[in-house]
Amino acid sequence: MPKRHFRADDLLPSEITPRHVFEQRRRLLKSAAAGLAFAPGVDALAQGAGAQKLPGRQSGLSTMEKTTPYKDVVSYNNFYEFGTEKDDPARNAHTLKTRPWTVKVEGEVLKPREFDIDELLTLAPLEERIYRLRCVEGWSMVIPWVGVPLSELIRRVEPTGNAKYVEFVTLADRAQMPGLSSPVLSWPYVEGLRIDEANHPLTLLTMGLYGEVLPKQSGAPVRIVVPWKYGFKSGKSIVRIRFVEKQPITSWNRAAPQEYGFYSNVNPDVSHPRWSQATERRIGEDGFLQRKRKTLMFNGYGEQVASLYAGMDLKRFF
Ligand SMILES: Nc1nc2c(c(=O)[nH]1)N[C@H]1C(S)=C(S)[C@@H](COP(=O)(O)O)O[C@H]1N2
Ligand SMILES: [Mo]
């Protein structure tokens with residue numbers, strides 16, 4: 001049987017749950033079989049003591065694709081605040097202090113306020129959503145994230161009519177983040193979405209993965225996950241969310257405007273100036289015989305998000 005790429009929209013929720021439960025059971029069995037192999041690995045290095053559980057109810061928005069092994073999810077990261085090599089964040093992020101933690105929400109809102117991390121965990125019932133994440137560099141993973149729709153936060157601060165965009169600002173503390181001494185990007189790391197993208201039900205305010213609180217290298221204690229955009233739109237370790245009228249200047253856009261546009265929707269038809277975006281390498285299944293996967297428009301989430309861009313020339317607004 002030819003392999004196919006499952007998409008969230010191919011599936012009825014009733015088909016998803018049993019398979020997912022099955023996979024989770026298999027995961028547990030595997031980790032049990034591996035004994036303590038999980039515990040003292042790379043993750044433990046960055047995380048300190050054993051990770052705290054953070055289960056979420058399974059979401060019908062999950063993909064049915066095979067999830068990327070946990071060890072790969074926590075050892076192959078982009079988090080330039082902790083270095084630019086893929087294994088730097090797992091080695092260096094242990095210095096990040098994730099509690100206490102607050103996220104300040106401000107700008108064009110009627111109710112500006114701070115949210116404590118514990119409040120973010122109770123904004124709505126936590127959901128586990130298995131989403132693809134595709135990096136602009138051409139690799140991808142499938143990760144069971146745990147979080148709540150970002151719209152749950154947005155609703156509570158009551159954006160004004162001037163709130164056209166949302167800017168996400170990451171922690172920038174030299175004492176905790178050795179990567180800030182490099183000028184590879186302008187710090188703090190800034191990302192942004194149009195308000196309708198931010199309010200889209202797929203946009204997840206994320207506090208965990210694989211049923212645990214986020215490992216530090218994955219953007220603890222809170223990050224955004226926007227599954228139809230290249231990974232860099234999913235800002236990590238967020239401390240400020242600003243509602244603004246003008247399109248924010250994001251860190252990657254500032255660093256290389258011809259290479260990284262504001263929209264950054266996964267789009268196999270728009271090449272990065274230095275490489276094609278037509279295919280991707282799924283982390284964890286690399287191997288000699290592994291063929292590359294075709295990258296899907298909007299990372300496979302077109303059914304849900306294409307309407308956001310109706311009438312827009314996505315080659316111009318890349
Ligand atoms: N603060 C911050 N957020 C960030 C980045 C970063 O360097 N700093 N890298 C981005 C990029 S390029 C990608 S691909 C994803 C990677 O997420 P992961 O390491 O959890 O897979 O995080 C994004 N969020
Ligand atoms: Mo990325």
Side-chain angles (χ1 to χ4, degrees), residues 42-43 46-47 67-93 96 98 101 103 129-147 167-173 176-180 182-193 203-210 212-241 250-256 259-261 264-266 272 274-275 277 280-284 295 299:
V42 186
D43 180 50
Q47 186 96 349
T67 50
T68 302
Y70 180 85
K71 65 169 175 29
D72 295 313
V73 172
V74 300
S75 61
Y76 191 94
N77 300 98
N78 273 344
F79 198 169
Y80 279 15
E81 289 86 335
F82 295 101
T84 55
E85 297 299 321
K86 294 289 176 266
D87 57 352
D88 282 344
R91 267 189 294 113
N92 298 333
L96 178 64
T98 57
W101 192 278
V103 178
R129 293 198 184 168
I130 306 177
Y131 280 165
R132 284 175 290 273
L133 182 140
R134 189 201 188 277
C135 179
V136 74
E137 296 163 338
W139 49 269
S140 63
M141 300 197 199
V142 177
I143 300 174
W145 303 104
V146 181
E167 185 180 80
F168 304 93
V169 183
T170 293
L171 179 74
D173 179 1
Q176 300 178 55
M177 300 172 138
L180 298 195
S182 155
V184 59
L185 285 174
S186 62
W187 313 110
Y189 190 97
V190 172
E191 258 309 333
L193 295 171
T203 303
L204 198 67
L205 185 70
T206 304
M207 281 73 75
L209 59 76
Y210 265 113
E212 297 177 352
V213 300
L214 279 178
K216 292 179 177 179
Q217 61 270 42
S218 302
V222 58
R223 68 176 294 173
I224 300 294
V225 178
V226 196
W228 70 94
K229 291 178 181 280
Y230 291 118
F232 63 89
K233 298 296 287 183
S234 296
K236 293 174 163 182
S237 303
I238 286 169
V239 291
R240 204 143 53 88
I241 300 179
T250 67
S251 290
W252 280 103
N253 193 218
R254 188 192 294 269
E259 304 194 8
Y260 310 105
S264 301
N265 291 315
V266 173
H272 184 278
R274 291 182 280 135
W275 58 82
Q277 295 290 17
E280 67 201 57
R281 182 169 64 89
R282 183 61 51 83
I283 299 300
T295 285
N299 207 19

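Just so it is clear, the structure is predicted and the values come from calculations on it, not from any experiment. Indexing begins at 1, ligand by ligand and atom by atom, following the structure's order. Keep in mind that the numbers below use all heavy atoms, side chains included, and drop hydrogens, waters and symmetry copies.
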Got the closest protein heavy atom to [atom], with its distance?
{"atom": "atom 24 (N) of ligand 1", "result": "S234 O, 2.9 Å"}
{"atom": "atom 7 (O) of ligand 1", "result": "Y80 N, 2.8 Å"}
{"atom": "atom 9 (N) of ligand 1", "result": "N78 O, 3.3 Å"}
{"atom": "atom 11 (C) of ligand 1", "result": "F232 CA, 3.5 Å"}
{"atom": "atom 15 (C) of ligand 1", "result": "G231 O, 3.5 Å"}
{"atom": "atom 8 (N) of ligand 1", "result": "E81 OE1, 2.8 Å"}

Any non-hydrogen side-chain atom of [X] less than 4.5 Å from a side-chain atom of [Y]?
{"X": "Q176", "Y": "K216", "result": "no"}
{"X": "S218", "Y": "N77", "result": "yes"}
{"X": "I224", "Y": "L205", "result": "yes"}
{"X": "W139", "Y": "R282", "result": "no"}

Checklist entry - Would you call the rings of F82 and F79 parallel, tilted or perpendicular, where under 30° means parallel and over 60° means perpendicular? => result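 F82 vs F79 ring planes: perpendicular.
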Checklist entry - Which word best sums up how the rings of Y260 and W252 line up, parallel for under 30°, tilted for 30 to 60°, or perpendicular for over 60°? => result perpendicular
Checklist entry - Which ligand 1 atoms are under 4.0 Å away from a heavy-atom of C135? => result 14 (S)
Checklist entry - Any idea which atoms of ligand 1 are less than 4.0 Å away from a heavy-atom of N77? => result 18 (P), 19 (O), 20 (O)
Could you pull out, from [options], the option with a heavy atom nearest to [atom]?
{"atom": "atom 20 (O) of ligand 1", "options": "R223, Q217, K233", "answer": "R223"}
{"atom": "atom 5 (C) of ligand 1", "options": "Y76, W145, Y189, W187", "answer": "Y189"}
{"atom": "atom 3 (N) of ligand 1", "options": "E137, K236, K86", "answer": "K236"}

Next on the checklist: Check this for me, if you would: do E137 and K86 make a salt bridge, where the nitrogen-to-carboxylate-oxygen distance has to be below 4.0 angstrom?
Outcome noted: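 Between K86 and E137 there is a salt bridge, with a charged N closer than 4.0 Å to a carboxylate O.
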Item to check | Chi angles and distances behind the side-chain contact (heavy atoms from CB on, under 4.5 Å) call for R223, S234 | outcome: CA-CA 7 Å; R223 68 176 294 173; S234 296; 3.7 Å; yes
Next on the checklist: Considering both backbone and side-chain atoms of T170, is one of its nitrogen or oxygen atoms within less than 3.5 Å of a nitrogen or oxygen in ligand 1?
Outcome noted: yes
